[in-house]
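Report on the structure given below.
The structure presented is a predicted model; accordingly, all values stated were derived computationally and were not measured. Index from 1, following the sequence.
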Amino acid sequence: MSATLDIRLKRANKVYHEAEVVAGVVVILSKEAVQHQGITLTMEGVVNLQLSSKSVGVFEAFYNSVKPIQLITSNIEVVKPGKVPGGKTEIPFEFPLQVKSNKVLYETYHGVFVNIQYTLRCDMKRSLLAKDLSKTCEFIVHCQPQKAKLQPSPVDFTITPETLQNVRERGSLPKFLIRGHLDATNCVITQPLTGELVVESSEVPIKSIELQLVRVETCGCAEGYARDATEIQNIQIAEGDVCHGLPIPIYMVFPRLFTCPTLETTNFKVEFEVNVVIVLHDDHLITENFPLKLCRV
């Protein structure tokens, strides 16, 4: 006698804001009637912090600061112990998205060293002989949009051998001149990053021009911080030796879940940067880095 449990949310996109009600139905499917010891729903919001391998062992104090941070945890009984009839049973539920007294609801974010996740778990307790049933469903929390109007902060850039940092032998570099601009580094997370790039001149043919979106995750406490940058996505905007003097559009959409509004708290930070990467045919790699501030308006 097998029974299955499922959670279906009313909102197809599963996006909720603080103080809203998460509503849906618990669906039970079984051929015959099912005896149970009660059905409960648990809502959880957790920030999981993890240390990169290079930071482990550096700070003993870290081990206390990287415990999971509970943002929400609440429990409701959906059905008291009893019997569910055979067939398909739908039990509606409503769960207010209320945060613990002094906590803040951060936006859902899936990172490498910082993970912010919200889940609903349904448990059906059963007698000793039958196996308990459990089902988990993730929903997405967006922070409240900012009321203030966002001031775009355009950035013009010029890349030449002279402007590069971290160069060992500047004399051995081929000559090149690349100009461009980003329309804004204060970005609205739901809108693309845009701009333009022009190769004015280059002694060595160009192999590829790429845009690299990077997350910078910081975990730590007063004793010290572990800061790690990892790539989220890489988009090629030009291939081969492009025409000189031709404007190349820069266009990048911020991926959902892997980005969130720039976040800074006492125990962790999530920041974003974009790299403009030019690969030359002799495999020289030229990188220009721009910090971004993401927000929701």
Handout entry: Approximate separation, where rounding is to 0.5 Å, of Ile286 CD1 and Ile178 CD1
Key = 5.0 Å
Handout entry: Donor-acceptor contact below 3.5 Å, side chain Glu217 vs main chain Val112
Key = yes
Exercise for the section: Ignoring hydrogens and angles, state whether a donor on the side chain of Glu138 or His110 is under 3.5 Å from an acceptor on the partner side chain. Expected result: yes
Problem - Spatial distance of atom CE (Met252) from atom CD (Glu210) [nearest 0.5 Å] - result: 10.0 Å
Practice task
Kindly determine whether Leu246 and Val198 satisfy side-chain contact (heavy atoms from CB on, under 4.5 Å), including the steps that lead there.
Solution key: CA-CA 6 Å; Leu246 179 77; Val198 179; over 6 Å; no
Practice task
Mind running side-chain contact (heavy atoms from CB on, under 4.5 Å) on Ile69 and Leu49 for me, showing each step along the way?
Solution key: CA-CA 8 Å; Ile69 303 165; Leu49 302 176; 4.2 Å; yes
Practice task
Using a strict 4.0 Å threshold on nitrogen-to-oxygen distance, state whether Arg215 and Glu231 make a salt bridge.
Solution key: no
Practice task
Determine whether more than 12 heavy atoms belonging to other residues, nucleotides or ligands lie under 6.0 Å from atom CZ of Arg296.
Solution key: yes
Give every donor-acceptor pair under 3.5 Å between a side-chain atom in residues 4-16 and any protein atom, sequence neighbours left out.
residue: Arg11; atom: NH1; partner: Val15; partner atom: O; Å: 2.8
residue: Arg11; atom: NH1; partner: Glu20; partner atom: OE1; Å: 2.8
residue: Arg11; atom: NH2; partner: Glu20; partner atom: OE1; Å: 3.4
residue: Asn13; atom: OD1; partner: Val15; partner atom: N; Å: 3.1

Handout entry: From Ile189 atom CD1 to Cys295 atom SG, the distance as rounded to the nearest 0.5 Å
Key = 8.5 Å
Problem - Test item: Cys143 and Leu105 side chains (from C-beta on) under 4.5 Å apart, heavy atoms - result: no
Practice task
Tell me, yes or no, whether the heavy-atom count around Glu94 atom CD, taken from other residues, nucleotides or ligands under 6.0 Å, exceeds 12.
Solution key: no
Handout entry: Validation row: Leu97, Val21 side chains within 4.5 angstrom (heavy atoms)
Key = no
Practice task
Taking the side chain as every heavy atom from C-beta outward, state whether Met124 and Ile28 have any pair of such atoms under 4.5 Å apart.
Solution key: yes
Exercise for the section: Flag the pair Leu71 / Val47 as yes when at least one side-chain heavy-atom distance between them is below 4.5 Å, and no otherwise. Expected result: yes
Exercise for the section: Output yes when a side-chain donor or acceptor of Ser153 lies under 3.5 Å from a complementary backbone atom of Asn186, and no otherwise. Expected result: yes
Handout entry: Residue pairs, two or more places apart or on separate chains, that pass side chain to side chain donor-acceptor pair (under 3.5 Å) and touch residues 270-281
Key = Gln212-Asn275, Glu273-Asn289, Asn275-Asn289
Fill in the blank from the handout: Separation between CG (Leu213) and CD1 (Ile232), nearest 0.5 Å, reads 4.0 Å
Handout entry: Basic-acidic side-chain contact under 4.0 Å: Lys125, Asp123
Key = no
Problem - All side chain to side chain donor-acceptor pair (under 3.5 Å) counterparts of Ser202, not counting sequence neighbours - result: none
Practice task
Could you walk me through whether Leu292 and Leu193 pass the side-chain contact (heavy atoms from CB on, under 4.5 Å) test, one step at a time?
Solution key: CA-CA 10 Å; Leu292 300 177; Leu193 172 77; 4.2 Å; yes
Problem - With Ile76, the side chain to side chain contact (heavy atoms under 4.5 Å, CB included) member among Leu41, Thr42, Thr40 - result: Leu41
Problem - Inter- and intrachain pairs under ring pair (Phe, Tyr, Trp, His ring centres under 6.0 Å), touching residues 140-191, at least two apart - result: Phe157-Phe290
Handout entry: Validation row: Asp282, Pro174 side chains within 4.5 angstrom (heavy atoms)
Key = yes
Problem - Glu196 (side chain) donor-acceptor with Pro247 (main chain) under 3.5 angstrom - result: no
Exercise for the section: Describe, in one word, how the ring planes of Phe139 and Tyr118 are oriented to each other, choosing from parallel (under 30°), tilted (30 to 60°) and perpendicular (over 60°). Expected result: tilted
Using distance only, find each side-chain donor-acceptor pair of residues 257-264 under 3.5 Å and give its atom names and separation, not counting sequence neighbours.
residue: Thr259; atom: OG1; partner: Pro255; partner atom: O; Å: 2.6
residue: Thr262; atom: OG1; partner: Leu294; partner atom: N; Å: 2.9

Problem - CG on Leu177 to CD on Glu203, rounded to 0.5 Å - result: 12.0 Å
Practice task
Measure from the side-chain N and O atoms of Gln233 to the backbone N and O of Val253, and report whether any donor-acceptor pair falls under 3.5 Å.
Solution key: yes
Problem - Close side-chain approach of Val214 and Thr230, heavy atoms under 4.5 Å - result: no
Handout entry: Contact summary for Ile237 and Ile248, nearest pair of heavy atoms
Key = O-CG2, 3.7 Å
Practice task
State which residues pass side chain to side chain donor-acceptor pair (under 3.5 Å) with Glu239; sequence neighbours excluded, sorted by chain then number.
Solution key: none
Fill in the blank from the handout: Rounding to 0.5 Å, atoms OG1 (Thr218) and CG (Asn267) come to a distance of 12.0 Å
Practice task
Could you give me the CA-CA distance, side-chain angles and deciding distance for Leu120 and Thr136, then say whether side-chain contact (heavy atoms from CB on, under 4.5 Å) is met?
Solution key: CA-CA 6 Å; Leu120 275 176; Thr136 304; over 6 Å; no
Practice task
Check whether any side-chain heavy atom of Ile250 lies under 4.5 Å from a side-chain heavy atom of Leu211, and answer yes or no.
Solution key: yes
Handout entry: Heavy-atom check, side chain of Phe95 versus side chain of Ser74, under 4.5 Å
Key = yes
Exercise for the section: Before accepting this row, confirm whether a basic side-chain N of the pair Glu200/Arg179 lies closer than 4.0 Å to the acidic partner's carboxylate O. Expected result: yes
